[in-house]
J.: 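If you scroll down you'll find the structure; I have some questions about it.
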Amino acid sequence: MRLTAAIAKWQPLRHLGVIFGCLIAASSINLFVVPSHLLTGGVTGIAMIVYYLAGLPIGLQTLIYNLPLLIMSYKLLGKNYTLDVIIGTVVFSICLDATKFLNAYAPANDLMLASIYGGIFNGIGYGIVFRMNGSTGGFDILGAIIKKYYSMNMGTVIFGFNCVIVSVAGFLFGIEPAMFTLICMYTNSIVTDKVIAGVNRRKAVLIVSEKSKEIADGIINELKRGVTFLHGQGAFTGNERNVVMVVVSLTQIAKLKIVVNAIDKNAFMIIVSASEVMGRGFTRPSRTKKIPVEDQLSPETEMKIQKALNATD
């Protein structure tokens, strides 16, 4: 019952996030992309080509072109997936036509600026939608169907369809707009990935040292971060030792290096990016406890660390 209640509570917030993301993406298209005669990917890109040729509303076209895809989605991907897609598709289509007035307020007359900033804000909008586990329909549906039945990479499928759109745009409107459209699409995909991965990035650190216990104590004392020991064994020497694992914020990396170097200059460190970290101390409040006497650093080690830290100030 608790889980059901939590899911029910989350749904309205998720739908608000999808609406907000659709509004940003649609505003970006009408503020940067359309005034510069550029395109976006997917079904919206096809709708924009027809808009440039015949003046038909982009949002209405997007909704109409998505109808056969939604029927395919319902039959092949199921009711739950299709319901989410319908919400995103309808909201995005409405936002596209509702924000059309922004065409008159285009802040960039330069094609390069329009393609870059159009891609950035478009990516932010789509990223928010996808982060909320939503979808705006279009080629995402085709990609999901092909991935399910043919085990092809979804990104590759969508990229292939977008290449066809860019080729058609190059034939109809000239090579220059098509080239700037590619810049817009590329920027869009990069920013979308960044938003989905999350901007709250952390670093996961593995430390191999003969003084793993002292290093762990130093991290707990100085960085106030929890530490985990992993069992390790040297393949060549056969020596067993503890590997220190800790997750820290980006700003704590420099201090972590100082602490480790002060305790053991020969320590082996591996630092890798962690795109998303969940748990106490990051997404939940930490419960700080007093460090037991046996886990506190010796005065000599504490003095050595403080001397190293002071040298960097």
Side-chain angles (χ1 to χ4, degrees), residues 2-3 6-7 10 123 127-128 130-133 153-155 189-313:
R2 289 183 180 180
L3 180 60
I7 293 173
W10 162 244
I128 292 173
F130 296 145
R131 192 170 174 83
M132 294 292 110
N133 201 27
N153 183 275
M154 194 169 172
S189 64
I190 294 297
V191 176
T192 298
D193 289 343
K194 295 292 184 183
V195 175
I196 293 173
V199 295
N200 197 20
R201 290 182 174 271
R202 303 292 189 226
K203 294 290 183 179
V205 185
L206 297 175
I207 306 166
V208 181
S209 170
E210 297 289 348
K211 300 180 180 179
S212 57
K213 182 65 171 64
E214 287 186 74
I215 290 175
D217 295 344
I219 294 171
I220 294 171
N221 278 270
E222 299 297 333
L223 277 71
K224 303 299 186 290
R225 287 295 179 197
V227 179
T228 300
F229 284 131
L230 305 178
H231 174 73
Q233 184 177 26
F236 180 73
T237 62
N239 295 335
E240 294 187 358
R241 67 190 68 180
N242 285 325
V243 178
V244 178
M245 186 187 77
V246 61
V247 178
V248 297
S249 64
L250 193 61
T251 56
Q252 291 179 310
I253 284 293
K255 190 173 183 180
L256 175 64
K257 289 179 179 178
I258 293 171
V259 170
V260 174
N261 189 60
I263 296 173
D264 183 6
K265 294 183 181 296
N266 297 317
F268 180 75
M269 295 180 62
I270 302 172
I271 303 174
V272 296
S273 295
S275 60
E276 190 169 1
V277 178
M278 301 177 67
R280 181 166 290 119
F282 289 99
T283 59
R284 288 179 290 179
S286 60
R287 297 176 182 174
T288 306
K289 295 182 179 180
K290 186 176 180 180
I291 300 172
V293 176
E294 63 270 15
D295 286 337
Q296 294 180 4
L297 294 173
S298 64
E300 294 80 9
T301 304
E302 182 69 39
M303 188 179 299
K304 191 185 296 184
I305 292 175
Q306 290 303 322
K307 186 177 179 180
L309 291 172
N310 292 336
T312 62
D313 293 339

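Values below: all heavy atoms of this structure, side chains included; hydrogens, waters and symmetry mates excluded. This structure is a prediction, so every number in the text was calculated from the model and none was measured.
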J.: Rounded to the nearest 0.5 Å, how far apart are CD1 of Ile258 and CD1 of Ile253?
T.: 11.5 Å
J.: Report the residues that fulfil side chain to side chain contact (heavy atoms under 4.5 Å, CB included) with Met269, sequence neighbours left out, ordered by chain and then residue number.
T.: Val205, Ile207, Leu256, Lys257, Val260, Ile271
J.: Locate the shortest heavy-atom distance separating Gly226 from Val246; write the atom from each residue and the value.
T.: O-CG2, 3.5 Å
J.: Suppose we screen for side chain to side chain contact (heavy atoms under 4.5 Å, CB included). Which residues come up paired with Phe229, at least two apart in sequence or across chains?
T.: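 For Phe229, the residues satisfying side chain to side chain contact (heavy atoms under 4.5 Å, CB included) (neighbours in sequence not counted) are Ser212, Lys213, Ala216, Asn242, Val244.
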J.: How close do Val248 and Arg225 get, counting heavy atoms only, and between which atoms?
T.: CG1-CG, 4.1 Å
J.: Between Lys203 and Ser249, is any pair of side-chain heavy atoms under 4.5 Å apart?
T.: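 Not in contact.
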J.: Between Lys255 (side chain) and Leu223 (backbone), is there a donor-acceptor pair under 3.5 Å?
T.: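 Between the backbone of Leu223 and the side chain of Lys255 there is no qualifying donor-acceptor contact (under 3.5 Å).
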J.: Identify the heavy atoms of Val243 and Gly232 that sit nearest to each other, and give their distance.
T.: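 The answer is CG2-CA, 4.2 Å.
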J.: For Ser209, give me all partners under side-chain hydrogen bond (donor to acceptor under 3.5 Å, both in side chains), at least two apart in sequence or on another chain.
T.: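 Once residues adjacent in sequence are excluded, the partners of Ser209 under the side-chain hydrogen bond (donor to acceptor under 3.5 Å, both in side chains) criterion are Asp264.
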J.: Looking at every non-hydrogen atom in both residues, tell me the closest pair between Asn261 and Lys265 and how far apart they are.
T.: O-CG, 3.5 Å
J.: Which pair of heavy atoms, one from Ala267 and one from Ile215, lies closest together, and at what distance?
T.: CB-CD1, 4.3 Å
J.: From Asn266 CG over to Lys211 NZ, what is the distance, rounded to the nearest 0.5 angstrom?
T.: 8.5 Å
